[in-house]
Amino acid sequence: MLSLPPSRRGQSLLAVWALSLVLAVPQALAQRPALVDGVDSIAITVSDMDRAVDFYSRVLTFEKLSDTEVAGESYEHLQGVFGLRMRVVRMKLGDESIELIEYLAPKGRPIPVDSRSNDRWFQHIAIIVSDMDKAYAWLRQNKVEHASSGPQRLPDWNRNAAGISAFYFKDPDEHPLEVLQFPADKGAAKWHRSTDKLFIGIDHTAIVVIDTEASLRFYRDLLGMRVAGESENYGTEQEHLNNVFGAHLRITALRAATGPGIELLEYLAPRDGRPFPADEQADDIVHRQTVLWTRDADATARQLGVNKATFVSSGVVGNQNTELGFVKAFVVRDPDGHAVEVEQK
């Protein structure tokens with residue numbers, strides 16, 4: 001055996017100790033309980049609630065669950081908007097829900113008319129359909145605004161996405177939406193059950209990110225979501241789906257224990273998508289927020305604070321009246337500026 005001098009032995013032991021710390025970090029993260037227990041809903045700011053409810057119920061067959069008007073200091077501190085009055089309608093499709101939010105006061109700005117699918121404020125919900133041809137015909141009959149040139153079937157060479165059919169369109173406020181049909185070998189089992197419904201439920205919400213690794217540190221390593229799938233998509237079908245010439249995406253699917261997933265869309269090309277507006281507020285129509293639920297809002301907020309997350313809320317906000325179904329909540333932004341509301345039921 002080679003004998004090291006004392007100084008070299010000390011250096012060797014230090015190196016082994018340092019290596020053991022590096023190896024222990026992923027294990028410690030894996031053993032730590034997830035900060036969030038599920039994805040509750042996706043909240044969407046709208047300009048005209050009656051028009052939005054009509055669209056989502058009549059065209060997309062969502063069911064209206066509740067219709068609530070709220071105001072007051074706690075909601076101002078939660079959303080970071082002074083003098084607000086909100087009308088909030090919760091709607092359900094299958095097992096999943098959205099919240100439509102109209103700011104009766106103050107009124108925010110409309111979505112930029114030149115928004116593109118690779119701008120970082122892009123966020124859509126992916127609605128599963130039982131028959132893409134029938135779904136597209138119904139959407140055409142209802143004169144929806146196209147975002148894609150038409151439904152696209154992803155090619156067979158792309159093993160992780162082969163056979164998926166998708167189409168992007170817009171709601172009355174220009175929020176992008178997607179209808180999606182999985183082939184038999186992909187997607188959750190519930191999307192393949194026999195049904196007479198055309199629109200079945202929400203599989204995920206997709207957000208554009210500039211750096212997948214930075215987003216994974218937030219959603220996976222910090223919040224505790226797991227990676228459920230990955231794909232690299234490009235070619236004419238992807239270009240026409242996103243309506244972005246030369247689109248080449250790294251796609252990472254994340255899941256919590258319950259609820260729809262969060263899909264990270266990183267445009268490897270083109271890299272000219274615009275950053276999130278620094279002055280964006282919850283009453284701006286471009287605003288959407290993914291609502292997560294946790295068993296302990298205070299502990300989750302503390303951990304996010306330690307990790308230098310950007311808070312929209314002034315802190316954890318109590319809601320003694322529980323008009324909107326939570327007792328505590330706060331809003332933070334992810335590394336790209338997407339709003340995330342964390343609620344304790």
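Since the structure is predicted, the reported quantities are computational estimates derived from the model, not experimental observations.
Aromatic ring centres of Phe122 and His124: separated by under 6.0 Å. Ring-centre distance between Tyr267 and His248: not below the 6.0 Å cut-off. Aromatic rings from His146 and Tyr136 are positioned such that their centres are separated by under 6.0 Å.
Salt-bridge annotation for Arg90 and Glu99: present, with a side-chain N of the basic residue lying under 4.0 Å from a carboxylate O of the acidic one. Salt-bridge formation is not detected for the pair Asp131/Lys197: no Lys NZ or Arg NE/NH1/NH2 atom is positioned less than 4.0 Å from an Asp or Glu carboxylate oxygen.
Residue Met86 is not grouped with residue Val286 when hydrophobic side chains (ILVMFWY) are merged at heavy-atom distances under 4.5 angstrom, including chains of intermediate members. Under the 4.5 Å side-chain contact rule for hydrophobic residues, Ile128 and Leu154 share a cluster.
Judged purely by atom type and a 3.5 angstrom limit, Thr61 has no side-chain atom pairing as donor or acceptor with the backbone of Ser57. Asp67 contributes no side-chain N or O that, together with a main-chain N or O of Val89, makes up a donor-acceptor pair within less than 3.5 Å. Of the possible donor and acceptor atoms, one in the side chain of Asp37 sits under 3.5 Å from a partner among the backbone N and O of Arg295.
Within the 4.5 Å cutoff, no side-chain heavy atoms of Leu249 are placed close to those of Leu268. Side chains of Ile98 and Leu100 form a contact here, defined as non-hydrogen atoms less than 4.5 Å apart. For the pair Asp336 and Phe218, the minimum side-chain heavy-atom distance is 4.5 Å or more. Side chains of Val70 and Arg85 form no contact here, defined as non-hydrogen atoms less than 4.5 Å apart.
Using modelled atom types, one finds no donor on one side chain facing an acceptor on the other under 3.5 Å when comparing Thr45 with His287. With 3.5 Å as the limit, one finds no donor-acceptor pair spanning the side chains of Gln181 and Ser165.
In this structure, Arg51 places its CZ atom where more than 12 heavy-atom neighbours from other residues, nucleotides or ligands lie under 6.0 Å away.
The aromatic rings of Tyr234 and Trp157 are tilted relative to each other, their planes meeting at an angle between 30° and 60°.
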